[in-house]
Visitor: 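The following block contains the structure, expressed as structure tokens.
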Amino acid sequence: MATNVTLDNSDFFERVYKVVRKIPHGRVTTYGAIAKSIGAPQAARTVGYAMNASHNLPDVPAHRVVNRNGMLTGKHHFPGRDTMQRLLAQEGVMVEQDCVVNFKELLWLPEPLI
DNA sequence: ATCTTGACCTAAT
DNA sequence: CATTAGGCCAAGA
């Protein structure tokens with residue numbers, strides 16, 4: 001029973017996934033917002049790292065997560081060339097020059113976990 | 001066990 | 001206004 005530890009809710013990654021899964025369809029958020037909502041406003045870097053591991057989880061839309069500038073910094077980590085942009089376009093999110101158009105309006109801020 | 005890297009952010013110069 | 005530096009957490013070598 002003590003062999004499984006990665007499924008613990010106390011894990012940083014699991015917390016990130018939980019928030020990312022809450023991102024509405026056709027909406028985007030930032031790493032900093034996620035980090036802030038989980039109680040680690042300065043651990044935005046780790047959030048991105050968690051996303052990298054979230055590739056195995058189809059429930060975690062990593063393509064909806066961009067940096068605070070609305071830039072698709074992680075698009076290079078997706079399979080193919082513009083998979084991230086394509087996924088966003090499918091949801092109605094237009095991307096120009098690796099930047100989300102109307103990013104400010106499409107930005108969705110998660111509620112802080114109290 | 002230590003060092004380096006990484007899909008970042010904020011503050012200071 | 002643009003650039004630089006520091007900090008944070010986690011995983012790999």
Visitor: Are A/V93 and A/Q85 close enough that some pair of their side-chain heavy atoms sits under 4.5 Å apart?
Guide: no

Visitor: Could you say whether A/T46 or A/N67 is positioned toward the 5' end of DNA chain B, judged by the nucleotide with the nearest heavy atom to each?
Guide: A/T46

Visitor: With a 4.0 angstrom cut-off to heavy atoms of chain A, pull out the first and last contacting nucleotide of DNA chain C, in 5'-to-3' order.
Guide: C/dG7 to C/dA11

Visitor: I'd like to check the side chain to side chain donor-acceptor pair (under 3.5 Å) partners of A/E91; sequence neighbours left out, ordered by chain and number.
Guide: A/H63, A/R64

Visitor: Does a side-chain N or O from A/T73 land closer than 4.0 Å to OP1 or OP2 of B/dC8, or not?
Guide: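 For B/dC8, OP1 or OP2 has a side-chain N or O of A/T73 closer than 4.0 Å.
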
Visitor: With the side chain counted from C-beta on, respond yes when A/F78 and A/R86 share a heavy-atom pair under 4.5 Å apart, and no when they do not.
Guide: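 Not in contact.
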
Visitor: What contact category does A/H63 fall into here, base, sugar-phosphate, or nothing, at under 4.0 angstrom with non-hydrogen atoms?
Guide: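 Touches nothing.
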
Visitor: Using atom CZ of A/F13 as one end and atom P of B/dA7 as the other, report the distance to the nearest whole Å.
Guide: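 It is 13 Å, rounded to the nearest whole Å.
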
Visitor: Record whether the side chain of A/Y49 comes under 3.5 Å of the base of B/dA7 through a donor-acceptor pair of N or O atoms.
Guide: no

Visitor: What nucleic acid atoms does A/A35 come within less than 4.0 Å of, heavy atoms only: base, sugar-phosphate, or nothing?
Guide: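 No contact.
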
Visitor: Distance between the P atoms of C/dA5 and B/dT5, in whole angstroms?
Guide: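 Pairwise P distance, C/dA5 against B/dT5, rounds to 16 Å.
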
Visitor: Evaluate whether atom CZ of A/R68 has more than 12 neighbouring non-hydrogen atoms of other residues, nucleotides or ligands under 6.0 angstrom away.
Guide: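 For A/R68, atom CZ is not crowded (no more than 12 foreign heavy atoms under 6.0 Å).
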
Visitor: With distance as the sole test, does A/N69 use its side chain to make a donor-acceptor pair with the main-chain N or O of A/M71 at under 3.5 Å?
Guide: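 No, A/N69 side chain to A/M71 backbone: no donor-acceptor pair under 3.5 Å.
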
Visitor: Using whole Å, what does the distance between atom P of nucleotide B/dA7 and atom CG of A/D98 come to?
Guide: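 Those two atoms, CG and P, are 14 Å apart.
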
Visitor: Whole angstroms only, please: what is the CZ-C1' distance between A/F78 and B/dA7?
Guide: 8 Å

Visitor: Write down the distance between CE (A/M84) and C1' (B/dA7), rounded to a whole number of angstrom.
Guide: 8 Å

Visitor: Separation of A/N69 atom CG from B/dC9 atom C1', in whole Å?
Guide: 11 Å

Visitor: Expressed as a whole number of angstroms, how long is the span from A/H76:NE2 to B/dG6:C1'?
Guide: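 Between C1' of B/dG6 and NE2 of A/H76: 15 Å.
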
Visitor: Under 3.5 Å, side chain of A/T30 to main-chain N/O of A/A33, donor-acceptor pair present?
Guide: yes

Visitor: Name the one of A/L72, A/D82, A/V101 that satisfies side-chain contact (heavy atoms from CB on, under 4.5 Å) with A/V95?
Guide: A/L72

Visitor: For A/N52 and B/dA7, give me the distance from atom CG to atom P, rounded to whole Å.
Guide: 7 Å

